[in-house]
Amino acid sequence: MTRNGLLSYMDAHGIDKSVVLSIATKPSQVAKINAWASTVNDDRLITFGAAYPMWEGWKADVDDVVARGFKGIKLHPEYQNFTVDDESVFPFYEYAFSKGLIILWHAGYDPIGTPPYRSNPRRFAALADRFDGGKMVIAHLGGQEQWVETAEYLVGKNVYMDTSMATKYCPKDLFEYIVTRHGADRILFASDSPWSDTAEAADMIRSCAFTEEDKEKILHGTAEKLLGI
């Protein structure tokens, strides 16, 4: 989807702002991705930066993300070939968090990966304890196709979880259970567009048995506080 296409979709469906996330699948892509992200980062499209945590230049990448004024970084353990709780990645996390950045991880199943995946709710629960106070966002409601483990290990930890793809694939009763137990103050609406339809994902949230106040938090309020907008 192009920038103008995304903005047109947002206008048609009453969406005020979108967070745009990019992944660097090799170190040589980082600078180009972040330069592009700067060109689309504005009041409506909030871009996160890219970084590749498993190479020697990661610190400069984080500094560049900060210098460009991005709110955070997205990581993808499957594409970037690292396990989320590998201690060799901890210096990257510590440095990014020390700069006030949000780190958002892909979590759980991905078509390119093979079980056991490089991330799961138990691994993220351990990270939450290790980096308590860091701005951690775990995508796909704690782990795509791993929601029973999310309910068992990750609910209640000091992390944010987003709803991307979970609105489409997580059983509704389990989705409602996880969100209610974790708390709307730590749930972020997301759709993983273009892989799922953002308006349909929002409608799913509105159909859930949450209070109207919690629905508003999930759909925009929690994100506004986290992003400082």
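All values below were derived from every heavy atom in this structure, side-chain atoms included, with hydrogens, water molecules and symmetry-related copies excluded.
- Atom-to-atom distance recorded for Leu141:CG and Glu145:CD is 11.5 Å, nearest 0.5 angstrom.
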Q) Can you list the steps and then say if Ser164 with Asp162 is a side-chain hydrogen bond (donor to acceptor under 3.5 Å, both in side chains)? A) CA-CA 6 Å; Ser164 57; Asp162 81 25; 2.7 Å; yes

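- In this structure the side chain of Lys157 reaches within 4.5 angstrom of the side chain of Asp129, judged on heavy atoms.
- Of the possible donor and acceptor atoms, one in the side chain of Thr39 sits under 3.5 Å from a partner among the backbone N and O of Trp36.
- The shortest distance between side-chain heavy atoms of Phe175 and Met204 falls below 4.5 Å.
- Looking at Ser119, its side chain does come within 3.5 Å of a backbone N or O of Gly108 through a donor-acceptor pair.
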**Q.** Evaluation steps, side chain to side chain contact (heavy atoms under 4.5 Å, CB included), between Phe70 and Asn34
**A.** CA-CA 9 Å; Phe70 297 150; Asn34 289 337; 4.0 Å; yes

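- Under the 3.5 Å distance criterion, the side-chain polar atoms of Gln80 are left unmatched by any main-chain donor or acceptor of Lys26.
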Q | Step-by-step side chain to side chain contact (heavy atoms under 4.5 Å, CB included) determination, Ile205 to Phe189 | A | CA-CA 8 Å; Ile205 299 292; Phe189 173 75; 4.0 Å; yes

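- Within the 4.5 Å cutoff, side-chain heavy atoms of Tyr52 are placed close to those of Met54.
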Q. Hey, mind stepping through Val137 and Ile103 against side chain to side chain contact (heavy atoms under 4.5 Å, CB included) and telling me if it holds?
A. CA-CA 6 Å; Val137 179; Ile103 298 180; over 6 Å; no

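- The closest side-chain heavy-atom distance from Arg3 to Leu6 is not below 4.5 Å.
- Between the Lys215 side chain and the Arg206 main chain, a donor and an acceptor come within less than 3.5 Å of each other.
- Under a 3.5 Å cut-off, the side chain of Trp58 and the backbone N or O of Val89 do not form any donor-acceptor pair.
- Distance alone, capped at 3.5 Å, is enough to place a donor-acceptor pair between the Lys17 side chain and the Asp43 backbone.
- A salt bridge does not link Lys59 to Asp63: none of the charged side-chain nitrogens sits closer than 4.0 Å to a carboxylate oxygen.
- No donor-acceptor pair under 3.5 Å is formed between the side chain of His182 and the backbone N or O of Ala184.
- Taking CZ from Arg123 and CG from Asp85, the interatomic distance works out to 4.5 Å, rounded to the nearest 0.5 Å.
- Annotation for Leu45 and Asp42: closest pair N-OD1, 2.8 Å, computed over non-hydrogen atoms.
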Q.
If you apply the rule side chain to side chain contact (heavy atoms under 4.5 Å, CB included), what do you find for Asn120 with Tyr153, and how did you get there?
A. CA-CA 10 Å; Asn120 60 45; Tyr153 297 104; over 6 Å; no

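- Cluster annotation: Leu219 is not connected to Met10 through the hydrophobic network of ILVMFWY side chains, with a link wherever side-chain heavy atoms come within less than 4.5 Å.
- The distance from atom NE2 of His220 to atom CG of Leu227, rounded to the nearest 0.5 Å, is 13.5 Å.
- Under the 4.5 Å side-chain contact rule for hydrophobic residues, Leu101 and Tyr160 do not share a cluster.
- Atom CZ of Phe48 is separated from atom CG of Leu21 by 6.0 Å, given to the nearest 0.5 angstrom.
- Taking all atoms of both residues into account, the shortest heavy-atom contact from Val84 to Leu127 is O-CD1, 3.5 Å.
- Remark: Glu87 does not engage Arg130 in a salt bridge, criterion side-chain N to carboxylate O under 4.0 Å.
- For the residue pair Thr47/Lys71, the side-chain donor-acceptor check at 3.5 Å is not satisfied.
- Here Arg44 does not pair with Asp16 in a salt bridge; the nearest charged N to carboxylate O distance is not below 4.0 Å.
- Within a 6.0 Å sphere centred on CZ of Phe90, other residues, nucleotides and ligands contribute more than 12 heavy atoms.
- The two residues Thr198 and Ser191 make their nearest non-hydrogen contact at OG1-OG, 2.8 Å.
- Thr180 places no side-chain N or O within 3.5 Å of a backbone atom of Tyr177 that could act as its donor or acceptor partner.
- Residues Leu174 and Met161 fall within the same hydrophobic cluster, defined by Ile, Leu, Val, Met, Phe, Trp and Tyr side chains chained together at heavy-atom separations under 4.5 Å.
- Heavy-atom minimum distance, Pro77 versus Arg118: O-CD, 3.1 Å.
- Side chain to side chain, Thr2 and Asn4 fail the donor-acceptor criterion of an N or O pair below 3.5 Å.
- Taking every heavy atom of both residues into account, Thr222 and Asp185 meet most closely at CG2-O, 3.1 Å.
- Residues Leu75 and Phe82 meet the side-chain proximity criterion, which asks for heavy atoms closer than 4.5 Å.
- Judged by distance alone, with hydrogens and angles left aside, the side-chain atoms of Thr163 form no donor-acceptor pair with the main-chain N or O of Ala166 at under 3.5 Å.
- Residues Phe92 and Phe97 are members of one and the same hydrophobic cluster, defined by side-chain heavy-atom contacts under 4.5 angstrom among Ile, Leu, Val, Met, Phe, Trp and Tyr.
- Contact of the Ile218 side chain with the Leu188 side chain is not registered, since no non-hydrogen atoms from C-beta on lie closer than 4.5 Å.
- Under the 4.0 Å criterion applied to side-chain N and carboxylate O atoms, Asp197 and Lys168 are not assigned as salt-bridge partners.
- Judged by distance alone, the side chains of Gln146 and Thr150 never bring a donor and an acceptor atom under 3.5 Å apart.
- Under the 4.5 Å side-chain heavy-atom criterion for Ile, Leu, Val, Met, Phe, Trp and Tyr, Ile229 and Ile102 are members of the same hydrophobic cluster.
- Distance OH/Tyr109 to CD/Gln144: 8.0 Å, rounded to 0.5 Å.
- Across every non-hydrogen atom of Glu149 and Pro121, the tightest pair is OE1-CD, 3.6 Å.
- Rounding to the nearest 0.5 angstrom, the gap separating the CD1 atom in Ile138 from the NE2 atom in His140 is 11.0 Å.
- Lys217 has its side chain within reach of Glu213: a pair of non-hydrogen atoms, C-beta onward, lies under 4.5 Å apart.
- None of Tyr93, Trp105, Phe124, Tyr95 except one satisfies the ring pair (Phe, Tyr, Trp, His ring centres under 6.0 Å) rule with Phe131; the exception is Tyr93.
- Proximity of a side-chain donor or acceptor of Asp192 to a complementary backbone N or O of Met165 within less than 3.5 Å is not detected.
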